[in-house]
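Input: a single structure, listed below in C-alpha cells.
Positions are given from 1 along the sequence. Whatever order the structure lists ligands and atoms in, that order sets their numbers, starting from 1.
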Amino acid sequence: MKLTRREQLAAWLDALMERATVIAPRQVESELLYRPVAASDEVVFDFQRTAMSPKGYFLPSTEVLLEIEKRGAEVTLDEALPQEEQVLFAIRPCDARGLRVLDALLVEHEPADVYYAGRRHQTTLVGLACPRLWPECFCTSIGGAPDDSSDVDVMLYEVDGGYLVSEVTAKGAALLAGLQAEETDQPAPVSDRDGPSVLVLEAEAWPALFNELYWARFTERCLSCHACTYVCPTCRCFDVRDYTTAAGPNGIRIERLRSWDSCMAAAYRRIAGGHNPRSSKMHRLRNRYYCKFNYCPQDFGAVACVGCGRCIAVCPVGVDIVEMLGDVAALAAARVGEGGADE
Ligand code: SF4
Ligand code: SF4
C-alpha cells in the first residue's frame, strides 16, 4: 500500500491527461457526471454517486457500428472498432461491479460484443472507495461493499491528507508509474456498512412468484418513462438501425447505428403483426426485475443489479427496488408458511 498526498495525486493526474483520455466525475450544470477531463482541478473527488453510471464509456448511448458503401454490385464494409486507450478515474465499487455483470453478458458469452470488449480491454479502472453507503444504496445486500476493490485496477481510499493507493492488477501498477507516493503499513480504512439491508432471493425462488397479483399492484404507478434503465449500470438493451447518409448515381452510403433502448418502452417487445407479449407496464416492470434477479443469474451467472440505488433516486413516482425485494422475500416466506413453495 502507498500513501499519496492530494497535490501529488493531482500532479500525476495532470501528467496522465497528457498521454491518455481520462474520464472522471465532473460537474456538468446541475449534474455530476463521468466526463473527459482536461485538468485535475475539474475532477470532483467528494461525491456520493454520479447521476448516470459510466457504462456509456463502454456501451455508448449511440455509436456507429459499421459504414456500408454500395457502388453497383460492389459492397464495402468499414467497421469502426474502438482504438483509444482510456482511464476511468474515481469509479465507485458498485459501478465497477456493474462492468463485471456486463462482461458476463457481452464478453464471456459467445458471440462476444467486439465493440464493448474492445473498450473494456483499452480501459484502466481507478476506483475510489465510498466511506459509507449513501442514501438509496444497498450494495452490501447484493454481495458488494463500499470499499470492494475486486473489479478495479487501482483502488484509492481517502485518508487524512491524501489517499492510500492499492495496486490491484498489473495494468493498474503500470498506470501508476510516475505517481509520487511513499510506502506505508497503514491498512485501508474499512467503510461504514450501515444502510438498508434486504434479503435478495436466490434465482430459483423467483419463478414461483411470477403470477402473484402483487406485480399488478406494485407496478401500477410506473410511468414507463425509461429513466430507471438508462441510469442503471447493468441495463444494456439496445436497438440497431441503418441510416442512409449519402445517395447518388455512384451509389449509397449507410451508417449502422446502435443506440440504447429500454425494456420499459411499450413497443420494445412488439413483433411483426402487432402482437406484444409485454403489452402492459406490469409485464414490463416485472420483466425488468426477473431479468435482474432470475434470468441473468440463471443464464449468465450474475445478478444484474449492484445495489447502486440510482433507479430509486431517479424514479419520478417512487418505484423502489429495495421495497420490491423486501415484498418479494415476504411473499416467498408466506408461500413457504402456506406450504406452497413447491407449486
Ligand atoms: S439499484 Fe437499480 S440502477 Fe442500480 S444496479 Fe440495481 S437495478 Fe440498476
Ligand atoms: S423510472 Fe420509475 S416510472 Fe420510470 S420506467 Fe422506471 S419504474 Fe417506471
Enumerated ligand 1 atoms positioned under 4.0 Å from heavy atoms of V306: 5 (S), 6 (Fe)
- prompt: With atoms numbered from 1 as shown, which atoms in ligand 1 lie under 4.0 angstrom from a non-hydrogen atom of K292?
  reply: 7 (S)
- line: ligand 2 to V317, heavy atom cutoff 4.0 Å, flagged ligand atoms 3 (S)
message: I'd like to check which ligand 2 atoms, numbered from 1 as shown, lie under 4.0 Å from a non-hydrogen atom of S224.
response: 5 (S), 8 (Fe)
- request: Would you check if the side chain of R310 reaches a backbone N or O of T50 as a donor-acceptor pair within less than 3.5 Å?
  value: yes
query: Just checking, R258 and F238: is the charged tip under 6.0 Å from the six-membered ring centre and within 45° of the axis?
result: yes
query: Just wondering, is there an N, O or S atom on C232 that's nearer than 2.8 Å to atom 2 (Fe) of ligand 1?
result: no
query: Considering only heavy atoms, does R221 approach ligand 2 within less than 4.0 Å through its side chain, its backbone, both, or neither?
result: neither
statement: Only residue of P233, C137, C139, S53 satisfying side-chain contact (heavy atoms from CB on, under 4.5 Å) with C308 is P233
Salt-bridge criterion met for D147 and R193 (N-O under 4.0 Å): yes
field: I321 neighbourhood, listing ligand 1 atoms whose heavy-atom distance to it stays under 4.0 Å
entry: 7 (S)
message: Below a 4.0 angstrom heavy-atom separation, can you tell me which part of R49, side chain or backbone, both or neither, approaches ligand 1?
response: neither
query: Would R97 and D151 pass as an ion pair if we require N to O under 4.0 Å?
result: no
- prompt: Y57 ring centre to R35 NZ or CZ under 6.0 Å, with the angle to the axis within 45°?
  reply: no
task: Show which atoms of ligand 1 fall inside a sub-4.0 Å distance from at least one heavy-atom site of F138.
output: 1 (S)
query: Are the side chains of P207 and N294 in touch, meaning some heavy atoms are under 4.5 Å apart?
result: yes
message: Show the atoms of ligand 1 that are less than 4.0 angstrom away from any heavy atom in C311.
response: 1 (S), 2 (Fe), 3 (S), 7 (S)
- request: Provide, to 0.1 Å, the distance between atom 6 (Fe) of ligand 2 and the closest protein heavy atom, together with that atom's residue and name.
  value: C228 SG, 2.3 Å
- request: Please answer whether the main-chain N or O of D194 pairs with a side-chain N or O of R132 as donor and acceptor at a distance below 3.5 Å.
  value: no
query: Should V231 be listed as contacting ligand 1, given a heavy-atom distance under 4.0 Å as the test?
result: no
field: Residue and atom name of the nearest protein heavy atom (relative to atom 3 (S) of ligand 2), distance in Å to one decimal
entry: L223 N, 3.2 Å
message: What I want to check is whether the side chains of S279 and R269 have a donor and an acceptor closer together than 3.5 Å.
response: no
task: Show which atoms of ligand 2 fall inside a sub-4.0 Å distance from at least one heavy-atom site of V319.
output: 7 (S)
task: For atom 8 (Fe) of ligand 2, find the nearest protein heavy atom and state the residue, atom name and distance (0.1 Å precision).
output: C222 SG, 2.4 Å
message: Closer than 4.0 Å to some heavy atom of C308 - which atoms of ligand 1 meet that?
response: 1 (S), 3 (S), 4 (Fe), 5 (S)
- prompt: Does Q122 reach the main-chain N or O of P82 with its side chain, forming a donor-acceptor pair under 3.5 Å?
  reply: yes
- prompt: Got a sec: is C225 within less than 2.8 Å of atom 6 (Fe) of ligand 2 via an N/O/S atom?
  reply: no
query: Would you say V314 contacts ligand 2, with heavy atoms under 4.0 Å as the rule?
result: no
field: 4.0 Å heavy-atom contact, E136 with ligand 1
entry: no
message: Do V306 and F300 sit in one hydrophobic cluster, given that two such residues count as connected whenever their side-chain heavy atoms are within less than 4.5 Å of each other, even indirectly?
response: yes
message: If we count only N and O atoms by modelled type, under 3.5 Å, do the side chains of T184 and K2 hold a donor and an acceptor together?
response: no
statement: The protein heavy atom nearest to atom 2 (Fe) of ligand 2 is C315 SG, 2.3 Å
query: Of the protein's non-hydrogen atoms, which lies at the shortest distance from atom 1 (S) of ligand 1, and what is that distance?
result: G309 N, 3.3 Å
E212 with R286: basic N within carboxylate O range, under 4.0 Å: no
